[in-house]
Each structure stands twice: as structure tokens, then as C-alpha cells.
K.L.:
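Sharing a structure with you now.
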Amino acid sequence: MGEQYLVKKIDNPIHWEVEVPGSKSMTNRALLMAALTEGRVELEGVLFSDDSRYFLSSLQSLGFELRIDENEKKVSVIGCNGNIPQKEAEIYVGSAGTAARFLTAMLGLSDGIYTIQASEQMKKRPMKPLFDLLEGLGAKITYLEQEGNLPVQIRGCRWIEGKAGENSFGQQKENVAGRLYLELDISKSTQFLSAMLLVSPMVKQGIDIHITSEKTDGSYIRITRKMLENAGVTVAFDGKNYCVPAGASYGRLYYRIEPDVSAACYFYGAAAITGGSALVKNVHSDNSQGDMKFLEVLHQMGCKVEEEEQGIRVSGPAVDGLKGIEINMNDFSDQALTLAAIAPYANSKVRITGIGHIRLQESDRLHAMATELGKAGICCAEEQSAITIFPGQPKAAVIETYEDHRVAMAFSLLGLRADGIIIDNPGCCKKTFEEYFEILENLTKEN
């Protein structure tokens, strides 16, 4: 893929059938769970992208034995039941937020000393709530650059000079039941909570996590809980507290990764604005990912959503028949960019609320929406946690992607009904879907 990609305008309704890679979120969760399981664990349908490769290479640097088959989309991991083979190592997590948060939690509960390096992009993303929590448990965090951010050296809370540590925790108090008690703010990222839940089998006496922020749940947390429960670890939730019982351990030795619904939604968005249809194979209504909610958004905007034997098909209304909508996307905010990119083609304004936290992701995604739509002549009103987008015909523009895969993929939709939309640095989509623009190129040639 070159340095820029000119999106081909489509004059007819599309009729696409596509396959998408496995879910990044589920791939990286399954990799961590496999490392904490005892014995060999087999993963199929694995996503191979920048993010997952950083996770795999980090596990290898930590001494885990892996067999990797990219052609067959398979990985096997020999898990060490909460033990990390290498007691001193350096890992590089790139721009992968899941790798950064999940592996930091595991290393913080370990009996070793590790250095965590990251990309310039990841160095800017929030980590302090997780660092503070781990320090409260007795881990030692040494900041190598900016306080509160990666890179760091982390000495696990079970580290004892000269020998492996006991399963005990520093300054953090246990509750009356003898279980580990933690307090956590997840307003900036739910990955902090997912990280601690995923490593909870390392805490043999059980763990209670009290959420101090107004936000206490989310779609990605629900994915985490479902995957834990399918692996034999029950997580109780009463609306404010998450509880994992004593003696929890992973017992699942095989995972089939679901197709990535986030990736599927770009093709569904294309159907919505061209009045055509897109079927994404192997995406079904029992899919556990939060971005399934985007299908309901498209339905409210006038699309038809049908489940077929091969997968879910979305059919758009006639051109110019897409309805405007006001929607809180806090719980499936990865699709806010997708909605923003198709919003100009609605017949009335689109207002997206509850998305202030996406300013702290790979880029300031909310500002990116307003800026790049503005370049294309689309009127927007940007607020701290919301954006309103008004209908209009986009003009030619070069879309800056901010090294953000979701900006690149979402804004490609803008060019399906407008001449001259150029995506700058399309290669940044390697983070999660490295073949996206090749697939788009082949599909648009057919129309």
C-alpha cells in the first residue's frame, strides 16, 4: 500500500460479500489467558496485525513457548499457570493498548523485573490508574521518561531479592474475607479493569475490585467477563464491584476467535450509503462484541439487517434515504468514526454523544472527525464529548489519519460517494486489519 490511497467513487449500489480477520480484542485476551493457563492452549481464527504481533513477541521475550502459523491463523501457547518463565526481560508493546495494559498487569503481579517499551503514540496514552493500583499492591514502577506513562521498569509485587516471591501483596489491604481489595477508576480506559480481571487467577486468595468512577461497565468488560467465564473463572458484578473467587484458574485449552465486528462495520457502512448490500461471513447475532450495537444504529437509520446462514447482511435504503440520528455511543465508541464518515449522506443531522474518552485513544478521534470532515466541506459542531454532523456532499480532500487505523478505514467510506477523497498513510491500518485497503480496492473494481 502506497503513502496515499485514492478511494474510488461508486455510482451504483454495492453487492459485496467479504470475510474479515479475527477480533483484535478477543485475540489479545485469549493470548494472555493462554499464558496464565497450565499446559498447551490452542487458538484458532487469530488476528495477525501489528497489535497482535507485538503481543506475541512480548510473550516470547518473557520466555513463553509459542507455535505460530499465520497462514492457518493459529497459535499455540504453553501456559505456565501464572508463572513467567523469564524473571528479567524487556518487551515492546508498540501502539497496542491491550498489550500495554494487559501485560503491565501481569508483570506487576509477578516475581520478576521487566522493562516495558512502547511507541511514541502509546507513550501518550493513559496508564497512571493501572500503575497506581499496582504500586499499591507492592510493585515498584520506575518511570523511564514521563511520569505516569510508558516506558517503565516494573518490579513485580512478589519480587524478593535472591528468590521468587510469595503470593502476598504490599501496602494493599485485604478485606474482612481475606480477599484482595482494590479501587479503580476506569473513566479513561476500561482496559485497566479488563487487565486486572484477566490476571485475577494470579491472586489465589480472590479479588474484589471497587469501581470509583461513574462509568462502571462497558462492552469490552463484558467480553472479558464472558471469556473468563467460558474458561472457568466466574466474575460477579453488582453494579459497582467485581468479585473473582479464591482459587480461580483457567481451564480452557482451545479458543476459536470470533470475526472482528469492528472491521465488519466498515463494509456495512458502505452498504448503508450506496443503497446496496454487504454480507460479512461468519458474523452472527450471537457474536459477543459490543460493536454489534452498530447494526441497530444502521437499522434505526433505515437499513435492513438480516441474518443468513453465511453471516449477517446489511442492506441500505435508497440513496438519500438514510435517516439522521442522535445516539450515545459511549459503549461502542470504536464505531463513532464510522458513523461520522457516513453521516454527511444522511438526510438530516447526526449527533453522536458520550464519546469524550476517544480523545485519549490512538489519536484525538473526536477532533479528527471534525477536522477531516471540515476539510471535505462538511459542517460539524464539535463539543467536549459530542459532535453534530450536518448533511452535505463532500468535496475532494486529503484525509490525515494521525497514525490511527480507525480514522483511515472509517474515512474511506466518505470517498465511496464523493470524488477525490484521498487517505493519507493508509498503511496505519496494519494495526488491526492490514489487508483492508487491498480488499476495498478489489471490491470497488467490481462496481
Side-chain angles (χ1 to χ4, degrees), residues 5 7-21 258-285 287 289-325 327 329 332 334-348 350 352 373 378 389 391-394 406 408-419 421 423 429 432-433 435-447:
Y5 180 85
V7 183
K8 180 184 176 184
K9 183 185 176 186
I10 293 175
D11 295 318
N12 301 307
I14 67 166
H15 296 286
W16 292 350
E17 292 188 4
V18 297
E19 290 186 56
V20 297
E258 294 177 354
D260 186 8
V261 175
S262 298
C265 288
Y266 303 120
F267 301 104
Y268 291 145
I273 60 175
T274 65
S277 71
L279 180 140
V280 182
K281 297 177 181 179
N282 303 313
V283 173
H284 291 284
S285 57
N287 190 294
Q289 295 162 65
D291 281 358
M292 290 292 288
K293 292 183 179 180
F294 189 65
L295 296 175
E296 176 57 30
V297 173
L298 293 177
H299 176 70
Q300 291 179 40
M301 296 178 77
C303 296
K304 182 187 293 185
V305 179
E306 301 170 292
E307 182 157 11
E308 301 179 6
E309 184 177 350
Q310 285 189 293
I312 290 178
R313 182 186 300 276
V314 170
S315 303
V319 172
D320 301 325
L322 197 65
K323 303 173 186 175
I325 192 173
I327 186 78
M329 298 188 73
F332 56 116
D334 277 351
Q335 292 312 310
L337 278 160
T338 314
L339 181 55
I342 67 174
Y345 301 116
N347 55 24
S348 60
V350 170
I352 310 169
L373 286 172
I378 300 301
I389 302 163
Q393 178 58 36
R406 299 221 179 275
M409 291 186 282
F411 270 87
S412 68
L413 301 180
L414 197 68
L416 295 180
R417 283 189 53 194
D419 287 314
I421 297 297
I423 306 298
C429 72
T432 52
F433 193 172
E435 298 174 342
Y436 175 77
F437 282 97
E438 294 174 23
I439 292 172
L440 184 66
E441 176 75 11
N442 291 331
L443 290 170
T444 53
K445 279 179 180 177
E446 298 170 4
N447 278 77

K.L.:
Do you know which two heavy atoms are closest between L416 and A270, and how far apart they sit?
P.N.:
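In this case the closest contact between L416 and A270 is CD1-CB, 3.5 Å.
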K.L.:
Could you tell me which non-hydrogen atom of A278 sits nearest to which non-hydrogen atom of F267, and how far apart they are?
P.N.:
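Closest heavy-atom pair between A278 and F267: CB-O, 3.4 Å.
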K.L.:
Could you pull out every donor-acceptor pair under 3.5 Å between side chains of residues 294-303 and any protein atom, sequence neighbours left out?
P.N.:
from, atom 1, to, atom 2, distance (Å)
E296, OE2, Q300, NE2, 3.4
H299, ND1, C303, O, 3.4

K.L.:
Classify the angle between the aromatic ring planes of Y5 and F437 as parallel (below 30°), tilted (30 to 60°) or perpendicular (above 60°).
P.N.:
tilted
K.L.:
Might you work through the salt bridge (charged side-chain N to carboxylate O under 4.0 Å, His left out) test for E441 and K8, ending with a clear yes or no?
P.N.:
CA-CA 8 Å; E441 176 75 11; K8 180 184 176 184; over 6 Å; no
K.L.:
Measuring from M409:CE to C265:SG, what's the distance to the nearest 0.5 Å?
P.N.:
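Going from CE on M409 over to SG on C265, the span is 11.0 Å.
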K.L.:
At what distance, to the nearest 0.5 angstrom, does CE of M292 lie from OG of S262?
P.N.:
11.5 Å
K.L.:
Quick one, Q289 with N287, criterion side-chain hydrogen bond (donor to acceptor under 3.5 Å, both in side chains). Give me CA distance, side-chain angles, the key distance, then yes/no.
P.N.:
CA-CA 6 Å; Q289 295 162 65; N287 190 294; 3.1 Å; yes
K.L.:
Which atom names give the shortest non-hydrogen contact between A336 and M329, and what distance separates them?
P.N.:
N-CE, 3.6 Å
K.L.:
Start with the C-alpha gap between F411 and I421, add the side-chain angles, then the distance that decides, and say whether side-chain contact (heavy atoms from CB on, under 4.5 Å) holds.
P.N.:
CA-CA 9 Å; F411 270 87; I421 297 297; 5.9 Å; no
K.L.:
Can you tell me how far the CD atom of E307 sits from the CG atom of L279, to the nearest 0.5 Å?
P.N.:
10.0 Å
K.L.:
Test T444 against W16 for side-chain contact (heavy atoms from CB on, under 4.5 Å), laying out the working first.
P.N.:
CA-CA 9 Å; T444 53; W16 292 350; 4.2 Å; yes
K.L.:
Within this structure, what is the CZ-CD1 distance for the pair F433 and I439, rounded to the nearest 0.5 Å?
P.N.:
4.0 Å
K.L.:
Testing the basics here: between S412 and V7, what is the closest heavy-atom pair and its distance to 0.1 Å?
P.N.:
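Taking every non-hydrogen atom into account, O-CG1, 3.4 Å.
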K.L.:
If you look at every heavy atom in P344 and I378, which pair is closest and at what distance?
P.N.:
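It is CB-CD1, 3.8 Å.
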K.L.:
Just wondering, do Y268 and V280 contact through their side chains at under 4.5 Å, heavy atoms?
P.N.:
yes
K.L.:
Using a 4.5 Å cut-off on heavy atoms from C-beta on, say whether the side chain of S348 contacts that of K323.
P.N.:
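A side-chain contact is absent here, since even the closest heavy-atom pair is not under 4.5 Å.
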K.L.:
To the nearest 0.5 Å, tell me how far T274 OG1 sits from I14 CD1.
P.N.:
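Taking OG1 in T274 and CD1 in I14, the distance rounds to 4.0 Å.
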K.L.:
Determine the minimum heavy-atom distance between P259 and V20, stating which atoms define it.
P.N.:
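Closest heavy-atom pair between P259 and V20: CB-CG2, 3.9 Å.
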K.L.:
Heavy atoms, side chains only, cut-off 4.5 Å: are Y345 and Q393 in contact?
P.N.:
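Yes, close enough: below the 4.5 Å cut-off.
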K.L.:
Side chains of L373 and L414, heavy atoms from C-beta outward: is any pair under 4.5 Å?
P.N.:
yes
K.L.:
Roughly how far apart are K281 NZ and E309 CD, rounded to 0.5 Å?
P.N.:
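Rounded to the nearest 0.5 Å, the NZ-CD separation comes out at 12.0 Å.
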K.L.:
Can you find a pair of side-chain heavy atoms, one from L337 and one from Y266, that are under 4.5 Å apart?
P.N.:
no
